[in-house]
Amino acid sequence: MASVSVQVRVDEKMRSEADSLFKGLGMDTATAVRIFLALAIKRRGLPFDVVDVEGFYNPYNQARIAEAVKELDGGGGTFHDLIEA
């Protein structure tokens with residue numbers, strides 16, 4: 001299989017930090033990128049979560065949820081039937 005180059009632009013600081021990180025793991029950055037691509041192909045998506053799931057529980061969201069619960073408990077809100085696709 002023929003090899004091709006993939007070029008990605010990142011700032012110098014990011015490249016330096018990545019190089020140091022991967023060197024500490026016993027590989028170079030190119031090998032880390034190949035691992036990332038192989039896992040993405042295998043999983044047919046990103047091999048990690050890009051949304052901070054725990055971020056849902058931040059103070060802003062918790063306050064909004066508390067407001068919504070209070071409104072619903074007070075008789076507000078609208079009920080909808082579940083529509084299944």
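Sequential numbering from 1 along the given sequence is applied to the chain's residues.
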With distance as the sole criterion, is a donor-acceptor pair present between the side chains of Asp19 and Ser16 under 3.5 Å?
no
What about Met14 and Phe36, same hydrophobic cluster or not, with Ile/Leu/Val/Met/Phe/Trp/Tyr joined at side-chain heavy-atom distances under 4.5 Å?
no
Check for me, please, whether Ile41 and Leu46 land in the same ILVMFWY cluster - side-chain distances under 4.5 Å, paths through other members count.
no
Do Val33 and Met27 sit in the same hydrophobic cluster, where Ile, Leu, Val, Met, Phe, Trp and Tyr count as joined when their side-chain heavy atoms come under 4.5 Å apart?
no
Considering residues, nucleotides and ligands other than Tyr60, do more than 12 of their heavy atoms fall under 6.0 Å from its OH?
no
Let me confirm one number: the NZ-CG distance from Lys23 to Leu25, rounded to the nearest 0.5 Å.
12.5 Å
Show your reasoning for whether side-chain contact (heavy atoms from CB on, under 4.5 Å) applies to Arg34 and Thr31.
CA-CA 5 Å; Arg34 283 191 293 275; Thr31 300; 3.1 Å; yes
Non-hydrogen atoms of Leu39 and Pro47 that approach each other most closely:
CB-CB, 3.7 Å
